[in-house]
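A quick write-up on the structure given underneath.
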Amino acid sequence: MALDNYPMTKHFFDVTWSALGGDPRWEAQIEIEGEGILESSFYTSDFGCGVYAALAAAVSEVVSLSGTPAPFVRMDRARSSAQSMCQAQTIGGWRLPKAVGGESLWDWYPTGDGRWLEVHVPYPYQAKRLLIAIGADWSKESVAGIIRQAAADELEEAILRAGGTVAASRTMEEWAVHEHGKMVLAEPFVDVVETTPWEDDGWRPTPGRPLAGLHVLDCTRVVAGPEASRFLAGLGAEVLRIDPPVWEETGGAYVAEDLLAGKRCARLDLKTTEGHDTFLRLLSEADVFLHGYRQDVLDGLGLGEEVRDFTRPGLVEASEDAYGWTGPWQGRRGFDCLVLTSSGLSVAEGEWAGLDHPRGMGTVILDHTVGYAMATAVLRGLTRRLTTGMGSRSRAALARSAAELAKAGRNFEPAEPYLPGRGARGYNPKFATESRVSSTPNGPARRTVPPFEIDDTPLFWDRCGELLGSAAPRWASIHGGAHGFEWWSERV
């Protein structure tokens with residue numbers, strides 16, 4: 001079926017594709033079917049599927065530049081629903097080692113002024129900052145007791161100032177008139193600017209494995225950015241992930257199997273001269289740079305826009321942020337769930353479900369839509385570079401994704417959540433059970449298949465998920481040249 005048969009999916013496809021300057025004719029390359037449904041009062045299934053459709057169109061467009069006919073894409077909404085629920089499962093019951101610290105502190109806590117404060121501190125250092133800021137012990141009981149006695153906005157400000165990650169609850173109506181809420185809505189869904197001319201090094205897409213030979217430098221964390229780089233690896237790109245010396249991810253099978261699959265993982269200390277120079281050399285030979293750094297952080301590391309543009313002319317760059325690029329909250333730390341609470345969507349979900357507290361979406365839909373929008377931006381950036389000779393810089397934000405979901409209105413029809421092993425409502429159950437098994441350093445894991453199939457262009461990962469820091473900080477394949485590295489290493 002054509003996208004027109006799914007009006008809300010087509011709506012989100014149009015939002016994504018037009019933001020990235022895509023030609024509408026590529027919509028004709030997509031066929032879609034199925035009734036995968038995520039349990040939500042918002043159009044979460046359509047949102048995820050619409051962004052995936054834009055990504056599929058971008059793949060077809062890039063493949064056409066290899067000299068072969070543009071491939072058709074068959075999309076499945078049940079698979080799309082599974083993909084949006086982070087369905088990576090362990091086999092045999094293995095678990096990653098637990099982070100040092102106490103019990104998980106994640107929860108919505110009632111405040112003294114009748115609101116809620118969502119605490120989401122997945123890393124021990126964030127939990128310690130929270131506890132110091134409010135003077136609590138490492139237990140939910142202690143945290144709840146202190147939060148219950150204070151006002152939500154005051155707590156939020158104090159914890160954020162201490163480097164913690166929390167969000168005070170707001171209604172959608174309150175967010176719509178909030179200064180930052182209005183600024184976020186005024187931003188484009190994906191912000192794209194052209195940068196410097198590309199010094200053509202001969203790279204072109206390869207039929208069947210379109211991104212073979214491409215270098216992707218990945219400095220993203222958690223979900224959105226790593227999903228983008230994982231997809232690029234599935235199309236054949238060489239992805240080199242860079243982490244700080246002592247950084248570790250959380251998330252069990254999802255991190256080990258899903259976010260790290262297809263990548264090599266190295267460590268660098270960008271605050272040292274050696275680490276900084278090594279990073280510049282890697283960047284000088286990269287085609288794509290993915291990151292989630294705030295601009296002030298990059299500037300402080302001597303990696304500002306001017307440095308990046310001269311180090312690698314024609315670089316295709318894509319970045320993600322929690323609360324957007326303008327307004328009083330720009331640069332504010334956050335996660336998918338916290339943005340949902342700030343923007344009123346969690347309160348609305350709780351009311352829809354008949355609860356007396358906020359409720360999540362059951363999926364990190366903001367992470368997924370931003371991650372796949374980043375991957376789409378990269379593919380469109382590669383197309384732009386090959387056709388116009390110009391590099392590009394694209395930016396997406398979780399808060400802007402939340403604004404798009406809210407703007408689309410509510411879906412109040414009863415919905416049955418998609419779960420592996422059970423067919424989506426009214427649809428072929430084979431898509432609910434279809435999965436692939438891969439190895440990880442911690443044991444085997446099962447992952448649902450991608451949400452679409454592309455003619456003669458299979459998505460596959462030729463490396464299993466690897467331990468962070470297990471690789472050397474260098475490219476495995478030779479590509480490009482040193483470009484502006486020496487000049488900038490003398491300047492900065």
Side-chain angles (χ1 to χ4, degrees), residues 101-102 104-187 221-222 292-297 299-300 320-350 357-360 366 397-403 406:
S104 171
L105 300 177
W106 177 85
D107 212 336
W108 284 282
Y109 295 87
T111 62
D113 56 354
R115 295 168 64 191
W116 297 86
L117 187 77
E118 183 175 11
V119 170
H120 184 58
V121 284
Y123 301 104
Y125 76 92
Q126 293 169 334
K128 291 176 182 177
R129 290 172 180 174
L130 164 78
L131 299 175
I132 291 172
I134 66 175
D137 298 327
W138 199 320
S139 73
K140 293 182 73 170
E141 181 180 3
S142 176
V143 170
I146 293 174
I147 292 177
R148 193 181 299 115
Q149 300 175 39
D153 288 341
E154 294 175 2
L155 282 167
E156 181 182 54
E157 178 61 29
I159 295 168
L160 290 172
R161 194 166 50 244
T165 46
V166 297
S169 67
R170 289 172 178 81
T171 66
M172 293 177 64
E173 293 74 21
E174 289 170 336
W175 185 245
V177 298
H178 190 280
E179 182 182 0
H180 192 76
K182 291 187 289 186
M183 294 291 287
V184 165
L185 187 57
E187 294 180 1
R221 311 281 183 267
V222 195
Y293 290 122
R294 301 188 306 276
Q295 187 56 50
D296 62 324
V297 172
D299 290 340
E320 51 103 1
D321 179 80
Y323 283 95
W325 309 96
T326 59
W329 286 10
Q330 60 178 303
R332 177 172 173 164
R333 296 176 179 88
F335 296 94
D336 178 293
C337 60
L338 298 181
V339 173
L340 289 173
T341 294
S342 295
S343 58
L345 273 67
S346 290
V347 170
E349 283 286 86
H357 57 79
R359 173 187 184 271
L366 306 184
L398 301 179
R400 185 59 183 84
S401 184

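Ring geometry, Y125 versus Y123: the interplanar angle falls under 30°, so the pair is classed parallel (tilted spans 30 to 60°). Classified by interplanar angle (parallel below 30°, tilted 30° to 60°, perpendicular above 60°), the ring pair W116/H357 is perpendicular.
E173 places none of its side-chain heavy atoms less than 4.5 Å from the side chain of V177. Counting heavy atoms from C-beta outward, L345 and V339 have side chains that stay 4.5 Å or more apart. Between D107 and V119 the shortest side-chain heavy-atom distance does not fall below 4.5 Å.
Summarising the geometry of I147 relative to P110, their closest heavy-atom pair is CG2-O, 3.5 Å, with the distance given to 0.1 Å. Residue R115 comes nearest to A168 through the heavy atom pair NH2-CB, 3.8 Å, listed as atom of the first residue, atom of the second, then distance. Nearest approach of A348 to M172, heavy atoms of both residues: CB-SD, 3.8 Å. Annotation for S342 and A167: closest pair OG-CB, 3.5 Å, computed over non-hydrogen atoms. What you find for I146 and I134 is that their closest heavy atoms are CD1-O, 3.3 Å. The nearest pair of heavy atoms linking S169 to V347 is CB-CG2, 4.0 Å.
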Next item on the list: Report the C-alpha distance between Y109 and K140 in whole Å, list the side-chain angles of each, state the deciding distance to 0.1 Å, and finish with yes or no for side-chain contact (heavy atoms from CB on, under 4.5 Å).
Entry: CA-CA 9 Å; Y109 295 87; K140 293 182 73 170; 3.5 Å; yes
Next item on the list: Apply salt bridge (Lys or Arg N to Asp or Glu O under 4.0 Å) to the pair D321 and R400, showing each step before the final yes or no.
Entry: CA-CA 10 Å; D321 179 80; R400 185 59 183 84; over 6 Å; no
Item checked: side-chain contact (heavy atoms from CB on, under 4.5 Å) evaluation trace for D153 with R170 -> CA-CA 10 Å; D153 288 341; R170 289 172 178 81; 3.4 Å; yes
Notebook entry, point to check: Could you walk me through whether K182 and W175 pass the side-chain contact (heavy atoms from CB on, under 4.5 Å) check?
Noted result: CA-CA 8 Å; K182 291 187 289 186; W175 185 245; over 6 Å; no
Check: Does the side chain to side chain donor-acceptor pair (under 3.5 Å) test come out yes or no for W106 and E118, once each step is laid out?
Finding: CA-CA 7 Å; W106 177 85; E118 183 175 11; 3.0 Å; yes
Checklist line | From CA spacing to verdict: side-chain contact (heavy atoms from CB on, under 4.5 Å), Y323, H180 | finding: CA-CA 9 Å; Y323 283 95; H180 192 76; 3.8 Å; yes
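For the side-chain contact (heavy atoms from CB on, under 4.5 Å) test with L117, the passing option among V143, L155, T341 is L155; the others fail.
Put simply, the side chain of E349 never gets that close to the backbone of P358: no donor and acceptor are under 3.5 Å apart. In terms of modelled atom types and a separation under 3.5 Å, the side chain of Q149 and the main chain of G112 share no donor-acceptor contact. Put simply, the side chain of S142 never gets that close to the backbone of W138: no donor and acceptor are under 3.5 Å apart. Not one N or O on the side chain of R333 forms a donor-acceptor pair closer than 3.5 Å with the backbone of T165.
In summary, R161 and E156 do not engage in a salt bridge, as defined by a charged side-chain N under 4.0 Å from a carboxylate O.
Rounding to the nearest 0.5 angstrom, the gap separating the CZ atom in F335 from the CZ atom in R221 is 12.0 Å. Note that CG of L340 is 8.5 Å distant from CG of L398, once rounded to the nearest 0.5 Å.
Judged purely by distance below 3.5 Å, without hydrogens or angles, the side chains of S139 and D137 never pair a donor atom with an acceptor atom.
For W108 and H120, the distance between ring centers is not under 6.0 angstrom.
Atom CD of E174 sits in a crowded spot, with more than 12 heavy atoms from other residues, nucleotides or ligands closer than 6.0 Å.
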